[in-house]
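Below is one structure, written out as structure tokens, with a few remarks after it.
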Amino acid sequence: MLDVAFVRANLDAVKLNCANRCVVADVDRIVTLDDERKRLITETQKKQQRANEVPKLIAKEKDPTTKNQLIAEGKTLREEISALEKKQKQIEADLDAVLMTLPNMTHPDAPIGQTSDANRVIKKVGEPRNFDFPPKDHVALVEALDLADFEAGASVAGQKFYFLKNEAVLLELALVQYAMQTLLARGFTPIITPDLARVEVLEGIGFMPRDPNPETRQVYTIADTDLCLVGTAEITLGGMHRHQILDTAKLPLKYVGLSHCFRTEAGAPGRDTRGLYRVHQFTKVEMFAYCLPEQSEEIHLELLAIEEQIFQGLGLAYQVIDTCTGDLGGPAYRKYDLEAWMPGRGTGGEYGEVTSTSNCTDFQARRLNIRCKAAGQKGTRFVHTLNGTAVACTRALVAILENYQNADGSVTVPEVLRPWVGKERIAR
RNA sequence: GGAGAGGUGGCAGAGUGGUUGAAUGCGUCGGUCUCGAAAACCGAUUUACCCGCAAGGGUAACGAGGGUUCGAAUCCCUCCCUCUCCGCCA
């Protein structure tokens, strides 16, 4: 969420930003509603001031007639204040609703464009492997090597669920270990988060679990509760410190969280329907940082560097994407994606998204009410929050299986994962 | 899940309807004293918002949200959380 004062002071910039990010929002209405809100507050406070005086007078008043008059006045004041507060609440709800539609501001260097076509490739690392045999896609590999059971997944939980089997299980656990160890070495605090979170937390992060349209709602909600299955540990890691004032000296806080992720994948029908690429549940190791505003750009680059380190370590070719305005989503100020080469994707291989790291500046912190304060100093500031994928297991599995396959149908285990997988080659 | 207790300022801990934003202690910061320090003494020590060019003035908040009342940290309701005991379980 943006600061109302900021919006008022930068009306044109906010409107341009909305246009760049393909968001339709009634920015002018924010000013109108905010004016009305302030007017109501001022009026309420005047009445409240009198309402505070009256009881004190009553306590001292001896004359019964005057006393009764004061009691009557107090009664009237209470009714008036109550009515004003009701009005104020409504205005604030309206204002909030408009503010909720506004996306975060955008980094000046982010590419401007409506669709993913405008995303900018800023770096390519590693060469897509040349095969001297026709490479299989991961679905074929998984079937041949008995690494997953999609039919059982569909039978038990429905389309886009799966059972991992055999070495795929070991690979997933190895990926988690590998990512965790990499982040631990960089001073991140390891966390295992809840897989469920309250609706308010989801909303604070920028999800819309109350979206009445099931076609666009991204998350599963739990019937008869105010809980949702988390789509990413970003939600829980970001919610972890909500309503807190953090000590400036202890920032940045860097966490590496492990959780399952659940996504309805509504609105993505027909896309990547096969295999592990787009599924309703997967395991993910996620980085999350809370920091001072002046630290966030540097940390964003650090998160990107870590993602690159992890995929370089896995020996996978990838490209780095600077995401364009139209593709940023609501909370991100800037977003980099890593796309790994996937030989089985499309015809003849394509890059497929494996990680994503966003600098959300104070957009989430404002909604989640996470501030920081220097000891001994007056005043607080909203922190900046950042997130980034360390490893999304299923996507990484796709890339590993397809890139490490051999002519004989076996798959070589990436060297960094061997300590946990316990073998060099997966074969049947 | 059942029974009970409880959630007050950085911490500890008073306060059960009337100048209580909140005693007291500790901590922290500033000052006096001192060559310096300790001790002692004095003072300060939350956050958000509104009005105002400013100085300054005001409103709100005692887990959260409602309610009763002229007046609520104090009474009532709902929710969240913590603790103890029992049950259950990995």
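Remember, predicted model here, so these are calculated numbers, not experimental data. Quick note on labels: first sequence line is chain A, next is B, and so on, each numbered from 1.
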Could you verify whether a donor N or O on one side chain and an acceptor N or O on the other, from A:Q88 and A:E92, lie under 3.5 Å apart? yes
On a whole-Å scale, what distance lies between the P atoms belonging to B:A55 and B:U69? 42 Å
Distance, rounded to the nearest Å, where A:K67 contributes NZ and B:G18 contributes P: 14 Å
Do other residues, nucleotides or ligands put more than 12 heavy atoms under 6.0 Å from A:K15 NZ? yes
Interatomic distance at P, B:C42 relative to B:C35, whole Å: 22 Å
Taking only Lys NZ, Arg NE, NH1 and NH2, and the carboxylate oxygens of Asp or Glu, determine whether A:R210 and A:E203 approach each other closer than 4.0 Å. yes
With rounding to whole Å, what would you report as the distance between B:A73 and B:U20 at their P atoms? 12 Å
Rounded to the Å, how far apart are A:L246 CG and B:U47 P? 14 Å
Hunt down the Watson-Crick or G-U wobble partner of B:G18, both distances under 3.5 Å, from any strand shown, or write none. B:C70
Distance in angstrom units between A:N369 CG and B:C49 P, rounded: 10 Å
Please determine whether the number of non-hydrogen atoms from other residues, nucleotides or ligands lying under 6.0 Å from atom CD of A:E53 exceeds 12. yes
Rounded interatomic separation in angstrom, taking CG from A:L70 and C1' from B:U69: 15 Å
Please determine whether a side-chain nitrogen of the Lys or Arg among A:R39 and A:E43 lies less than 4.0 Å from a carboxylate oxygen of the Asp or Glu. yes
Partner of B:G56 under the Watson-Crick or G-U wobble criteria, both distances under 3.5 Å, comes out as B:C51
Taking only the P atom of each, what is the distance from B:G58 to B:C79 in whole angstrom? 40 Å
Map A:R78 and A:R381 onto RNA chain B by nearest heavy atom, then report which one ends up closer to the 5' terminus. A:R381
What distance, rounded to whole Å, do you find between the two C1' atoms, one in B:U28 and one in B:G10? 8 Å
When you compare B:A48 with B:A40, how far apart are their C1' atoms, in angstrom units rounded to a whole number? 38 Å
Pair partner, B:G4 [Watson-Crick or wobble, under 3.5 Å]: B:C83
What's A:R37 touching, base or sugar-phosphate or nothing? Going by heavy atoms closer than 4.0 Å. sugar-phosphate
Could you tell me the Watson-Crick or G-U partner of B:C26, where both distances fall under 3.5 Å? Say none if there is no partner. B:G10
Expressed as a whole number of angstroms, how long is the span from A:I370:CD1 to B:A48:P? 15 Å
Once you apply the 3.5 Å cut-off to both distances, tell me the Watson-Crick or G-U wobble partner of B:C41, or none. B:G31
Contact letters for nucleotides 54-62 of chain B, in which S counts primed atoms plus P, OP1 and OP2 and B counts the base, heavy atoms under 4.0 Å: ----BBS--
Sticking with atom P, work out how far B:A14 lies from B:G6, rounded to a whole angstrom. 12 Å
Using the P atom in both, what is the distance from B:A39 to B:G56, to the nearest Å? 34 Å
Considering Watson-Crick and G-U wobble pairs with both distances under 3.5 Å, what does B:A61 pair with? B:U46
For atom NZ of A:K87, decide whether the heavy atoms of other residues, nucleotides or ligands shown that lie under 6.0 angstrom number more than 12. no
For A:P419, which residues count as a side chain to side chain contact (heavy atoms under 4.5 Å, CB included) partner, sequence neighbours excluded? none
Can you check whether A:K75 has a side-chain N or O nearer than 4.0 Å to OP1 or OP2 of B:C70? yes
Separation of B:C49 C1' from A:D34 CG (nearest whole Å): 12 Å
What about A:Y255 and A:H241, are their ring centers closer than 6.0 Å? yes
To the nearest angstrom, the CZ-C1' distance between A:R198 and B:A64 comes to 11 Å
Give the C-alpha distance, both sets of side-chain angles, the deciding distance and a yes or no for side-chain contact (heavy atoms from CB on, under 4.5 Å) between A:T44 and A:I81. CA-CA 6 Å; A:T44 307; A:I81 289 166; 4.2 Å; yes
Which whole-number value in Å describes the distance from A:L57 CG to B:C70 P? 16 Å
